[in-house]
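Right, one structure below, let's go through it.
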Number of protein chains: 2
Amino acid sequence: MNHTSTIPIQEVSLKHLKVACSSCSLRELCLPLGLNSDEMNQLETVITQRVKVKKGEPLYRAGDAMRSLFAVRLGFFKMSVLSEDGREQVTGFQMAGELLGLDAISTETHSCGAIALEDSEVCEIPFADLEELSRHIPSLQNNFYKVLSREIVRDHGVMMLLGNMKAEERLAAFLLNLSQRFALRGYSSRSFVLRMTREEIGSYLGLKLETISRGFSRFQEQGLIRVHNKEIEILDLPALKQVLSGCSGKA
Amino acid sequence: MNHTSTIPIQEVSLKHLKVACSSCSLRELCLPLGLNSDEMNQLETVITQRVKVKKGEPLYRAGDAMRSLFAVRLGFFKMSVLSEDGREQVTGFQMAGELLGLDAISTETHSCGAIALEDSEVCEIPFADLEELSRHIPSLQNNFYKVLSREIVRDHGVMMLLGNMKAEERLAAFLLNLSQRFALRGYSSRSFVLRMTREEIGSYLGLKLETISRGFSRFQEQGLIRVHNKEIEILDLPALKQVLSGCSGKA
DNA sequence: CGCACGTTTGAGCACCATCAACTATAGTGG
DNA sequence: CCACTATAGTTGATGGTGCTCAAACGTGCG
């Protein structure tokens with residue numbers, strides 16, 4: 001999977017590029033949302049570098065000390081926690097404009113690991129600087145509180161999914177969520193590529209990889225989607241939403 | 001259950017009591033953690049009132065506008081979200097020293113409802129004031145970021161529980177978590193009263209109430225705990241922890 | 001090309017949900 | 001005070017959903 005896999009050390013390459021939130025296409029999705037140009041410039045002085053992470057490589061691992069947060073600029077990440085006995089729980093998939101490392105603020109240690117699922121690029125945001133800056137820019141502070149809160153709301157959604165939904169409902173919810181997030185970023189909401197394996201989807205949804213595979217096959221039989229390897233095409237969006245509302249409607 | 005149940009209107013009574021974080025036994029668990037006495041005084045000026053909530057009554061409901069956060073001073077709350085089709089997912093149980101309403105910061109609307117499971121008392125913290133104050137008190141800002149982050153970590157723990165654990169493992173984890181939190185507050189970690197019903201435990205753990213009941217019975221048969229109605233006594237803590245580590249060890 | 005990995009599909013089974021009957025407890029009113 | 005009711009909890013029998021084990025296939029990379 002990784003063409004440099006013979007080298008076991010971390011593959012993160014650091015590039016000191018000028019970071020310009022003001023010219024970033026993600027500024028309406030990301031931390032700078034709603035800042036004026038002066039404030040955005042101040043934020044840029046703090047975000048000193050971009051980091052490239054190759055597919056399959058970790059940006060950080062659970063247990064690492066946290067000094068910075070990261071904003072995904074390009075690419076796709078999987079976040080996961082490990083239980084003491086070594087089982088993995090995927091806690092989320094982050095795409096462009098989303099922040100990585102929010103969980104680590106509480107203990108200054110990453111509780112999740114972040115692994116790139118495709119060649120990716122992130123903006124590094126030293127947390128101490130962000131904290132300091134957010135004291136001087138009220139709307140930045142407010143944004144950041146909201147980002148943290150939104151993550152809590154998202155997690156509650158996942159809890160609902162894991163606690164109350166059946167396998168195919170979870171899978172439909174997952175596809176619809178991805179679709180919506182791609183749409184927000186200007187990509188097709190109808191047709192996209194899954195960057196993660198069936199096993200990773202399963203871990204996220206509390207299911208086994210076989211169940212994911214069967215679910216996709218079933219949706220395809222029913223004409224809801226077309227699956228070819230990791231390519232997904234949504235053929236019947238309303239019907240897919242219908243699967244979801246069958247949650248407890250017993251339908 | 002509620003001695004005023006013939007009166008259907010909301011039972012929240014507002015008392016303008018002087019709030020004194022500095023003399024509150026929870027200050028080491030709650031928002032004021034690590035503030036000096038001057039800073040704590042400033043925080044007190046913002047926390048203008050305490051609110052009493054009777055058992056069974058909501059402090060707020062999902063969909064309500066959020067203007068304040070609340071710190072539990074006394075009592076026990078259940079937080080829950082409802083899916084469109086009306087199913088409830090309990091997202092957590094909050095006890096003294098824990099904050100309510102963090103999820104609502106993102107949209108300024110409560111996404112969870114909070115219901116008191118016993119007669120309770122909370123300190124109301126107007127969010128705009130907290131935001132403003134946190135700009136002037138760095139350690140308060142830092143505390144609050146950490147509180148939000150800790151909630152995210154907690155939610156990841158629940159996701160692990162719902163995604164990877166079997167029924168009895170979930171139940172053991174639940175009991176151990178409660179035990180630990182009671183201990184932190186100076187109560188017995190060995191013997192406590194469950195404020196929630198079996199159904200509410202089930203909703204939180206992604207299980208049905210019958211499964212909870214069977215789990216308790218089984219733990220009792222095995223001599224791990226003693227159950228009498230809502231009273232729980234932990235008889236064999238190591239064995240209960242053992243149940244947990246059996247997570248995927250197949251034991 | 002050929003190996004490794006991810007995926008698909010099938011068969012059988014375990015776990016937990018469901019349905020149902022019964023018990024216990026607390027609160028209500030005669 | 002004691003029936004009466006409503007709510008919560010226990011326990012048993014049964015079945016379905018999703019897990020497990022297993023085998024085969026496809027794809028892509030070395």
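Within every chain, numbering begins at 1; the chains are lettered A, B, ... in the order of the sequence lines, protein sequences first and strands thereafter. Atoms considered below: every heavy atom in the structure, side chains included; atoms not considered: hydrogens, waters and symmetry mates.
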Q.
Does the protein touch nucleotides 7-13 of chain C at the base, only the backbone, or not at all? Give it as B, S and - per nucleotide, heavy atoms under 4.0 Å.
A. SBBBB--
Q: Evaluate the side-chain proximity of B/Phe93 to B/Met196: yes if any heavy-atom separation is below 4.5 Å, no if none is.
A: yes
**Q.** Spacing of A/His228 atom NE2 relative to D/dG28 atom P, expressed in whole Å
**A.** 7 Å
Q. For the pair made of CD in B/Glu221 and P in D/dT10, what is the distance, rounded to whole Å?
A. 12 Å
Q. Taking NZ from A/Lys55 and C1' from C/dG6, how many angstroms apart are they, rounded to a whole number?
A. 12 Å
Q | Rounded interatomic separation in angstrom, taking CG from B/Asn164 and P from C/dC15 | A | 16 Å
Q. To the nearest Å, how far apart are B/Glu200 CD and D/dT7 P?
A. 14 Å
Q. What does A/Gly206 touch in the nucleic acid at a heavy-atom separation under 4.0 angstrom: a base, only the sugar-phosphate, or nothing?
A. sugar-phosphate
Q) Mind checking whether B/Phe182 and B/Tyr187 have parallel, tilted or perpendicular rings, split at 30° and 60°? A) perpendicular
**Q.** Pairing of A/Arg181 and A/Glu98 as salt bridge, 4.0 angstrom limit
**A.** yes
(Q) Looking at B/Glu88 and B/Lys78, is there a salt bridge between them, counting it only when a charged N and a carboxylate O are closer than 4.0 Å? (A) yes
Q. To the nearest Å, how far apart are A/Leu205 CG and D/dT17 C1'?
A. 16 Å
Q.
Any carboxylate oxygen within less than 4.0 angstrom of a Lys/Arg side-chain nitrogen, looking at B/Lys55 and B/Asp119?
A. no
Q: Rounded to the nearest angstrom, tell me the gap between atom CZ in A/Arg195 and atom C1' in C/dG6.
A: 16 Å
Q.
Can you measure B/Lys166 atom NZ to D/dT17 atom P for me and round it to whole angstrom units?
A. 18 Å
Q. Do any side-chain nitrogens or oxygens of A/Lys208 fall under 4.0 Å of OP1 or OP2 in D/dT20?
A. yes
Q) Salt bridge between B/Glu168 and B/Arg218, side-chain N to carboxylate O under 4.0 Å? A) yes
